[in-house]
Asker: 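Once you've had a glance at the structure underneath, I'll fire off some questions.
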Amino acid sequence: MFLGLISRARTPGAGSSAAGGPFRAAAASVVVAGLVLVGGAMPAEAATTYSASLRTAVKSLPVAAENNVGYDRYQQFGDWNDANRDCQNTRAEVLQNESKASISFTTSKRCTVKGGRWITTWDGRVHPSATTVQIDHTVPVHEAWGSGARHWTKAKRVAFYNDLGDYRALSAQTSALNSAKQARGPESWMPPKNRCGYVGEWVAVKIRWGLKVDSTEKAALTRIAASCPNVTLTVRKA
């Protein structure tokens with residue numbers, strides 16, 4: 001996980017249900033002194049974990065021209081799924097993980113989140129209603145496609161779209177800001193607040209999924225990271 005740079009702690013809200021536990025537990029892996037402690041991980045797993053300072057991590061990102069030929073969001077990445085079949089899809093799981101208060105639902109079946117308390121990290125706003133936030137892919141799926149996901153299997157792309165295994169992959173954000181971001185990277189769009197955290201999250205997701213960066217993107221990441229605390233970034237690779 002990402003130590004020190006991210007202001008939010010993606011832990012289950014008071015209203016979280018036990019049904020989605022395995023996914024939320026992965027999303028809320030404990031961070032201690034720059035190390036990810038994932039349920040007694042054995043040394044054999046070390047090869048799947050990356051750890052370095054933010055600036056070193058940026059420098060390590062492989063560069064390649066972005067190629068978005070053939071992109072089709074829903075055909076290639078699908079939509080929110082319900083991996084544990086508890087009727088709550090990925091959007092609902094993220095909303096539960098991030099709510100700072102008890103969750104309410106739209107119906108007694110408890111499938112769709114209605115209310116809670118979300119503090120969006122891009123602007124610091126407080127949202128009592130789920131209707132005012134969207135779930136953002138830190139690295140947009142269009143960006144992922146052009147940065148390497150076009151070579152993946154459909155199953156891997158669906159897993160990327162619904163990644164609950166790292167709290168930096170998906171987040172609830174103010175709808176207007178998420179719409180403004182669209183598919184743009186840090187070279188052309190940055191949030192009004194928590195910019196260092198955002199860059200760290202972007203780099204973490206790129207490393208987690210083995211995605212490349214283009215030269216303009218890497219230059220922007222390098223420039224921004226140079227003015228941020230050079231914290232340790234630890235990533236469990238997908």
Side-chain angles (χ1 to χ4, degrees), residues 1-2 5-6 8 10 20 23-24 26-28 61 66-68 70-83 88-98 113 118 120-123 127 130-195 197-214 217 220-221 233 235-238:
M1 292 298 174
F2 185 36
L5 192 58
I6 310 300
R8 69 170 176 269
R10 196 72 60 79
F23 298 94
R24 287 192 286 274
L61 292 169
E66 190 172 324
N67 181 354
N68 291 299
Y71 172 74
D72 184 308
R73 180 187 181 102
Y74 293 105
Q75 180 178 342
Q76 291 143 358
F77 289 86
D79 205 341
W80 302 131
N81 63 20
D82 177 15
Q88 296 167 4
N89 66 15
T90 300
R91 172 181 164 84
E93 298 282 2
V94 174
L95 289 172
Q96 289 191 85
N97 291 344
E98 295 191 348
V113 176
W118 296 276
T120 44
T121 58
W122 293 353
D123 55 8
H127 301 263
T131 61
T132 62
V133 298
Q134 296 176 359
I135 304 304
D136 173 68
H137 288 86
T138 299
V139 173
V141 291
H142 182 269
E143 165 76 25
W145 174 263
S147 302
R150 63 188 182 280
H151 302 302
W152 298 349
T153 63
K154 173 70 175 293
K156 185 173 180 178
R157 290 193 291 268
V158 170
F160 173 88
Y161 194 98
N162 291 273
D163 186 7
L164 291 170
D166 189 311
Y167 72 94
R168 295 164 289 199
L170 300 169
S171 65
Q173 299 295 345
T174 301
S175 296
L177 281 178
N178 193 48
S179 296
K181 173 186 173 181
Q182 297 183 338
R184 291 185 288 175
E187 71 278 10
S188 58
W189 186 89
M190 287 289 288
K193 292 186 177 181
N194 195 33
R195 294 187 171 194
Y198 180 72
V199 165
E201 293 178 342
W202 182 280
V203 174
V205 174
K206 287 265 175 160
I207 291 171
R208 174 167 167 79
W209 289 93
L211 294 168
K212 296 178 172 61
V213 294
D214 62 35
E217 176 188 353
L221 292 170
L233 185 148
V235 184
R236 179 71 182 273
K237 294 185 179 180

Asker: So which atom in V139 and which in F160 form the shortest heavy-atom distance, rounded to 0.1 Å?
Answerer: O-CZ, 3.4 Å
Asker: Closest approach of G78 and K154, non-hydrogen atoms and distance?
Answerer: N-CE, 4.2 Å
Asker: What heavy-atom pair brings Y161 and D79 nearest, and what distance separates the two atoms?
Answerer: CE2-C, 3.6 Å
Asker: Would the W202 and H137 ring centres measure less than 6.0 Å apart?
Answerer: no
Asker: Below 4.5 Å, heavy atoms only, C-beta onward: do V199 and R195 meet side chain to side chain?
Answerer: no
Asker: Judged by atom type as modelled, is there a donor-acceptor pair below 3.5 Å linking the side chain of R157 to the main-chain atoms of Q76?
Answerer: yes
Asker: Taking all non-hydrogen atoms of both residues into account, name the closest pair between A130 and R91 and its distance.
Answerer: O-NH2, 2.8 Å
Asker: Taking the basic N atoms (NZ, or NE/NH1/NH2) and the acidic carboxylate oxygens, is any pair closer than 4.0 Å for K206 and E143?
Answerer: yes
Asker: Using a distance-only test with no angle check, is there a side-chain donor-acceptor pair under 3.5 angstrom linking K181 and Y198?
Answerer: yes
Asker: Angle class for the H142/Y71 ring planes (parallel below 30°, perpendicular above 60°, tilted otherwise)?
Answerer: perpendicular
Asker: Can a donor-acceptor pair be found between the side chains of T120 and T174 at a distance below 3.5 Å?
Answerer: yes
Asker: Strictly distance-based, threshold 3.5 Å: is any side-chain N or O of N68 a donor or acceptor partner for the main-chain N or O of G146?
Answerer: yes
Asker: For the CD1 atom of I207 and the CG atom of L233, what is their distance to the nearest 0.5 Å?
Answerer: 5.5 Å
Asker: Would you check if W145 and R150 make a side-chain contact, meaning some heavy-atom pair closer than 4.5 Å?
Answerer: yes
Asker: Tell me the closest heavy-atom pair linking Q96 and V113, and the distance in Å.
Answerer: CG-CG2, 4.2 Å
Asker: Does some side-chain heavy atom of R208 sit less than 4.5 Å from a side-chain heavy atom of K237?
Answerer: no
Asker: Any idea which heavy atoms bring N81 and V158 closest together, and the distance?
Answerer: ND2-CG1, 3.7 Å
Asker: CH2 of W80 to CD1 of I135: how many Å apart, nearest 0.5 Å?
Answerer: 6.0 Å
Asker: Quick one about S171 and E98 (side-chain donor to acceptor, distance below 3.5 Å, no hydrogens or angles considered), yes or no?
Answerer: no
Asker: Rounded to the nearest 0.5 Å, what separates atom CD in E217 from atom OG in S147?
Answerer: 5.5 Å
Asker: Decide whether D136 and Q134 meet the rule of one side-chain donor and one side-chain acceptor closer than 3.5 Å.
Answerer: no
Asker: Are W209 and D163 close enough that a side-chain donor and a side-chain acceptor fall under 3.5 Å?
Answerer: yes
Asker: With rounding to the nearest 0.5 Å, note down the distance linking CZ in F77 to NZ in K156.
Answerer: 11.0 Å
Asker: Using a 4.5 Å cut-off on heavy atoms from C-beta on, say whether the side chain of V235 contacts that of V203.
Answerer: no
Asker: Could you state the interatomic distance from OG1 (T132) to NE2 (H127), rounded to the nearest 0.5 Å?
Answerer: 5.0 Å
Asker: How long is the straight-line distance from CG of L170 back to CD of E93, given to the nearest 0.5 Å?
Answerer: 11.0 Å
Asker: Does any non-hydrogen side-chain atom of P192 lie less than 4.5 Å from one of L177?
Answerer: yes
